[in-house]
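Numbering of residues begins at 1 and proceeds along the displayed sequence. On a predicted model such as this, the values are computed, not experimentally measured, just so you know.
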Amino acid sequence: MLRSVINIRLIGLLLILTLVCGGAVADVEETLTYQGNRARIAVGTIKPKADRCTRDMAAAIGEMLSTTLVNTEKFIVLASQEEVGELADEIDLAQSGYVEEGRGPDKGLMEGADLLITGAVTSFEPDAGGSGGGLGGLTKKAFGKVGIDSKTAKIEMDIKLIDIRTRRVLKAKTIKAESKNWKVGMDGGGWTEDVAMVGDLGMYSNEPMEKAIRAALAQTIDMVSKEVPKEYYRYQGQGQYTQEYGGGQTAPAPNAPAAANQMAPTGTATATATATATSSAKVAEDMTIYSKYDFIPGDKVLFYDDMSNEEEGEFPFRWNLERGVLEIIRMGGEFWIMCTNDGRIRPRMKDAPLPEEYTVELEFYSWGDENNYSSFTISWVDAKGSNIAQYANSGYGLNHTMISVKGKTIASKSLPDFTTKGPHKMRIMATSRSIKCYLDEERVANIPRVDDFHPVGFRLETSPDWRAAEKEKYCLFRGFRFAEGGKSFKDQMAETGRVVTHGILFDKGSATIKGQSFKTLKNIGDMLTDDPALRVCIEGHTDSDGADDFNMTLSRQRAESVRQYLTTTYGIAADRLECQGKGESSPIDTNDSPEGKANNRRVEFVKL
């Protein structure tokens, strides 16, 4: 009966979310099923600390937050304290003798949460401001012709993520959301979303405040998903756990979370020369297909759009618009820039001569549709703002590449297969000798440096299929990264006694080396092979996102993965390689910008 009651409550919450959020996200959004372990979490009291936010409204926001957490499928959301009281009454009834024997719940079966979300609504302004305006770059359909008025709504919440057992606040953040909506003031049109707001929030249905609340909840979910340390994701389902929180006897594997009591203390986490947990876990992806892949990302990040601090439905704030309709959308729980027509944008960076050596990376989304013709183009721009070279990826299936310089096609290549549905990467690596272009792991062009070629910046151009609106398959891209190249590893080691690398890559929260790391690791392996007397300490470094102790442990695990890869692949003696996890303790740049954080995420090799 206890499980039935819980299931009924969760089903009710899911129905509410369906009504509230069904049309809130851009039409192209897909639901991607989460397959990993889950964390147990509860939503506590959301307090009203704003004049126009009542207690019931704050409680309704808490209910919506619980429902959204359920839908992410990353969390086991447990009943609130008030609901537990009602469930306790059911248990007492079952034990009273009035319920059929063996049909009611027993005491001691309730699960406990590891994490608690609490907070307060500190600002609640349904009509913060407004003025007449146009539809601008919105992609929603508007049918009225005149009399369009805008209203603005704002909401701010202070949210805390707390470890229930230790009472430690893992993250505290102020969530701010602002939204505008337009209502047509004459007969003949307008739009509203056929949704219902929870409880007393219903008065703001189809108003700017509704969208502001949803945006604030989306930011909260994003914060929680990013800040919950991996060791809390310990529930596998069917009563199975990866490890007991706060306990366990074995060290965490490099691609698995560490138990709380196994996290390294503040300072440096040092590993001995003997491999530990890495010996029983996968330390690297299969790199066979990368054997001819020679791309190495630049050492110093000059511009990086990591999509942080973006707001759904708004224009991407780190870009300048030249043409088209572009906005931020959320798909599969992640932000993308969506272009619904022919678009042109430029990164917000000063025009200046490009470094002699540099790299450019852009992630785009392929719909895997051979009948969907679209294009993504990275253009080099001169001091006059004109395109002087282009690397374009286009065609049905996005598998045809072309590089042109000064209006002349220099190289073109059609890959044998269409790009699969999902994210893909366009990359450029420029050196003093050549410019190489890549589509995923395939090098599609290698052209000599061109005389009288003086770009000062870049432009991105996108063009969706002419039937994109009908198919709801627009151009999606993100993660533009521009970085300056550096000296060779051997030169770095000779001059400074250390090599700083940004080309050894891992997924977030993982210590499994990604296949794109092949060339960087090969250069390190060759350097160690050529100098048998060279001994190094492998240092893992992170940015400041996440808990300090988790970052310390993760950085050590990543260093161990690198060591095991080098010993296994290149035969480097283990006693030549030591490991340290530095976490976020030794930054080389600020942690206040995406570029700074990208520079701080690195693996260093320090001469012993």
(request) Give, for atom CG of D545 and atom CE of M223, the distance between the pair rounded to the nearest 0.5 Å. (result) 12.0 Å
(message) Whether E560 and R558 form a salt bridge (side-chain N of Lys/Arg under 4.0 Å from carboxylate O of Asp/Glu) is what I want to check.
(response) no
(request) Could you tell me whether K413 and E442 make a salt bridge, using a distance below 4.0 angstrom between a side-chain N and a carboxylate O? (result) yes
(message) Any salt bridge linking K514 with D507? Criterion: basic side-chain nitrogen under 4.0 Å from a carboxylate oxygen.
(response) yes
(message) Donor-acceptor check, side chain of R449 to backbone of T431, threshold 3.5 angstrom: yes or no?
(response) yes
(request) May I ask you to decide if the ring planes of W319 and F477 are parallel, tilted or perpendicular, using 30° and 60° as cut-offs? (result) perpendicular
(message) Main chain of G596, side chain of S593: is a donor-acceptor contact present, judged purely on distance under 3.5 Å?
(response) yes
(request) Consider only side-chain N and O atoms of N600 and N591, and report whether a donor and an acceptor are under 3.5 Å apart. (result) yes
(message) Between E539 and R602, does any NZ, NE, NH1 or NH2 come within less than 4.0 Å of an OD or OE carboxylate oxygen?
(response) no
(message) Within this structure, what is the CD-CD1 distance for the pair Q516 and I296, rounded to the nearest 0.5 Å?
(response) 13.5 Å
(message) As an exercise, state the distance from CD1 of I572 to CD of Q564, rounded to the nearest 0.5 Å.
(response) 14.0 Å
(message) Before you tell me yes or no, could you show the steps for D543 and R601 under salt bridge (Lys or Arg N to Asp or Glu O under 4.0 Å), namely the whole-Å CA-CA distance, both residues' side-chain angles and the distance that decides it to 0.1 Å?
(response) CA-CA 6 Å; D543 60 26; R601 294 190 295 268; 2.7 Å; yes
(message) What I want to find out is whether K490 reaches D530 closely enough, with some N-O distance under 4.0 Å, to be called a salt bridge.
(response) yes
(request) In plain terms, say whether R323 and D342 are close enough for a salt bridge, that is, a side-chain N and a carboxylate O under 4.0 Å apart. (result) no
(message) Can you see whether Y438 engages N446 through a side-chain donor-acceptor pair at a distance of less than 3.5 angstrom?
(response) no
(request) Rounded to the nearest 0.5 Å, what's the gap from CG on D440 to OG1 on T419? Could you check? (result) 8.0 Å
(message) Looking only at the side chains, is there a donor atom on one of S379 and E461 sitting less than 3.5 Å from an acceptor on the other?
(response) yes
(message) Please confirm whether the ring centroid of F482 lies under 6.0 Å from the ring centroid of F458.
(response) yes
(request) Taking only Lys NZ, Arg NE, NH1 and NH2, and the carboxylate oxygens of Asp or Glu, determine whether R318 and E595 approach each other closer than 4.0 Å. (result) yes
(message) Is a donor from one side chain sitting under 3.5 angstrom from an acceptor on the other, for H424 and S366?
(response) no
(message) Salt bridge or not between D222 and K173? Use side-chain N to carboxylate O under 4.0 Å.
(response) no
(request) Decide, yes or no, whether a salt bridge links E312 with R330 under the criterion of side-chain N to carboxylate O below 4.0 Å. (result) yes
(message) Between N320 and R346, do the side chains contain a donor N or O and an acceptor N or O under 3.5 Å apart?
(response) no
(request) For K300, look at atom NZ and say whether over 12 heavy atoms of other residues, nucleotides or ligands are found less than 6.0 Å away. (result) no
(message) Between the side chains of D294 and K436, is the shortest nitrogen-to-carboxylate-oxygen separation below 4.0 Å, so that they form an ion pair?
(response) yes
(message) Can a side-chain donor-acceptor contact be found between S544 and E584 if the only test is distance below 3.5 angstrom?
(response) no
(request) Kindly check if the number of other-residue, nucleotide or ligand heavy atoms within 6.0 Å of NZ (K406) is above 12? (result) yes
(request) With rounding to the nearest 0.5 Å, note down the distance linking CZ in F550 to OG1 in T542. (result) 9.5 Å
(request) Measure from the side-chain N and O atoms of T501 to the backbone N and O of E604, and report whether any donor-acceptor pair falls under 3.5 Å. (result) no
